[in-house]
Amino acid sequence: MTNDMFSLKGKVALVTGAVYGIGFAIAEALASAGATIVFNDRNESGVEKGLANYAEKGIKAYGYVCDVTDEPGVQEMVKKIEAEVGVIDILVNNAGIIKRIPMHEMAAEDFRQVIDVDLNAPFIVSKAVIPSMIKKGGGKIINICSMMSELGRETVSAYAAAKGGLKMLTRNIASEYGCYNIQCNGIGPGYIATPQTAPLREIQPDGERHPFDKFIIAKTPAERWGEAEDLKGPAIFLASGASDFVNGHILYVDGGILAYIGKQP
């Protein structure tokens, strides 16, 4: 009974930008629960790399070349997926970028690019899949938000603005389409140990931990960085029937950072 509640057998899941990293881990989790995985990348080489990564894990996945900021391209991709794989039951808006630039030095063009990928693209892809979800009688949309949906930090003005907007887009999709049995929720990862963050966790020449590593450990009640594996259970929950009455919620998987004021000096 419990296993059936979390089963994704027979479901088609589109995870954007899931060639590696957090998106790949989430797609791997959904596949383990029975879902058929579809992903995209902007380039053919990225799609080929993704297909190889999934094959290495024993997962049959379907890859499409598509820029998620291109509305006509996204509409065309969704049509192809529906014709070649099936109607999308689960959408994970994972594709995203960050540009760490002090706000007073950031060009408006750079700010717009981050907003375009991190906020406009989830709108574009969600808009493309919702009509078929309505016809089918329901669906799941999971937006990959961030702790920056709640907090600010130096050099990430565009990213924080986009992720804050994505939090509210999540709530509005839930509000507008909940009556069609569509649940839209978000996952807000904390600081996750990935190849991209590896330099921030390297032991320094003097044998000490990297200053940023020390900062994160001190701010996290769990006293560790998260792993991509930590996002798998929450993703399965929000993609499955177990969350059918959960809507418009952001599930922060952050080791407790947002609950913690920090240790007294």
Side-chain angles (χ1 to χ4, degrees), residues 8 11-86 88-100 113-114 116-122 124-126 128-129 141-146 159 162 166 187 189 191-202 225-232 234-236 239 253:
L8 302 178
K11 304 294 186 180
V12 174
L14 168 60
V15 186
T16 65
V19 172
Y20 54 84
I22 287 174
F24 182 83
I26 288 175
E28 186 181 7
L30 300 185
S32 73
T36 298
I37 301 302
V38 182
F39 70 96
N40 79 291
D41 191 84
R42 292 181 62 183
N43 304 303
E44 184 65 43
S45 60
V47 169
E48 291 175 359
K49 181 179 179 181
L51 290 172
N53 290 342
Y54 286 105
E56 187 177 341
K57 295 286 187 177
I59 298 170
K60 169 64 176 176
Y62 299 83
Y64 292 83
V65 177
C66 180
D67 180 346
V68 288
T69 67
D70 174 13
E71 185 170 10
V74 168
Q75 292 282 349
E76 184 62 28
M77 176 183 70
V78 170
K79 287 180 182 177
K80 286 183 179 179
I81 293 169
E82 291 183 352
E84 297 171 3
V85 186
I88 296 164
D89 302 284
I90 302 158
L91 166 64
V92 182
N93 282 309
N94 166 76
I97 62 171
I98 187 169
K99 293 192 174 189
R100 294 182 176 89
Q113 184 183 11
V114 175
D116 204 21
V117 176
D118 293 358
L119 180 56
N120 291 342
I124 289 169
V125 185
S126 297
V129 305
I141 298 174
I142 303 171
N143 291 325
I144 303 303
C145 297
S146 167
Y159 184 79
L166 186 57
I187 294 176
Y191 286 91
I192 306 297
T194 64
Q196 288 81 2
T197 61
L200 300 175
R201 290 176 280 109
E202 289 180 350
W225 287 65
E227 301 287 343
E229 296 284 324
D230 292 316
L231 301 170
K232 290 185 173 184
I236 291 173
V253 186

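Hydrogens, waters and symmetry mates are skipped; everything else that's a heavy atom, side chains included, is used. Being a predicted model, the structure only gives us computed values, none of them experimental. Just so you know, residue 1 is the first one in the sequence shown, and it goes up from there.
- Shown here are the side-chain contact (heavy atoms from CB on, under 4.5 Å) partners of Ala33, two or more places apart in sequence or in another chain: Leu8, Ile236.
- Rounding to the nearest 0.5 Å places CG of Leu119 at 12.5 Å from OG1 of Thr69.
- Considering only residues two or more places apart in sequence or on other chains, Asp116 meets the side-chain hydrogen bond (donor to acceptor under 3.5 Å, both in side chains) condition with Asn120.
- Take Arg100 and apply the side-chain hydrogen bond (donor to acceptor under 3.5 Å, both in side chains) test, not counting sequence neighbours, and it matches no residue.
- With a 4.5 Å cut-off on side-chain heavy atoms, Leu166 and Asp118 do not count as touching.
- Taking all atoms of both residues into account, the shortest heavy-atom contact from Val15 to Gly23 is CG1-O, 3.7 Å.
- Scored by the salt bridge (Lys or Arg N to Asp or Glu O under 4.0 Å) test, Glu76 finds no partners at all (sequence neighbours excluded).
- For Glu229, the salt bridge (Lys or Arg N to Asp or Glu O under 4.0 Å) partners at least two apart in sequence or on another chain are Lys232.
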Subject >> Candidate pair Trp225 and Thr197, rule side chain to side chain contact (heavy atoms under 4.5 Å, CB included), full reasoning >> reply: CA-CA 10 Å; Trp225 287 65; Thr197 61; 3.8 Å; yes
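- Remark: of the listed residues Thr16, Asn93, Asn94, Ile124, Thr16 is the sole one forming a side chain to side chain contact (heavy atoms under 4.5 Å, CB included) with Val68.
- When each of Ile90, Leu91, Leu14 is tested with Ile141 by the rule side chain to side chain contact (heavy atoms under 4.5 Å, CB included), just one qualifies, namely Leu91.
- Under the side-chain contact (heavy atoms from CB on, under 4.5 Å) criterion, Tyr20 pairs with Gln196, not counting sequence neighbours.
- The minimum heavy-atom distance between Val114 and Ala162, with the atom names listed, is O-CB, 4.3 Å.
- Every side-chain contact (heavy atoms from CB on, under 4.5 Å) that Leu51 has, sequence neighbours left out, goes to Phe39, Val47.
- Between Ile26 and Ile142 there is no side-chain heavy-atom pair separated by less than 4.5 Å.
- The CD1 atom of Ile81 sits 4.0 Å away from atom CD1 of Ile88, with the distance rounded to the nearest 0.5 Å.
- Rounding to the nearest 0.5 Å places OG1 of Thr194 at 14.5 Å from CZ of Phe24.
- Listed by first then second residue, pairs satisfying salt bridge (Lys or Arg N to Asp or Glu O under 4.0 Å) with a partner in residues 13-26 number zero, not counting sequence neighbours.
- Residue pairs meeting the side-chain hydrogen bond (donor to acceptor under 3.5 Å, both in side chains) criterion with at least one partner in residues 39-64, sequence neighbours excluded, are Tyr64-Glu84.
- The two residues Val117 and Gly96 have their closest heavy-atom pair at CG1-CA, 3.8 Å.
- In this structure, Leu30 and Ala13 approach most closely via the heavy-atom pair CD1-CB, 3.9 Å.
- For Glu227, the side-chain hydrogen bond (donor to acceptor under 3.5 Å, both in side chains) test picks out no residue, with sequence neighbours left out.
- Of all heavy-atom pairs between Val74 and Ala128, the closest is CG1-CB, 3.8 Å.
- Qualifying side-chain hydrogen bond (donor to acceptor under 3.5 Å, both in side chains) partners for Lys99, counting only residues two or more places apart in sequence or in other chains: Asp110, Gln113.
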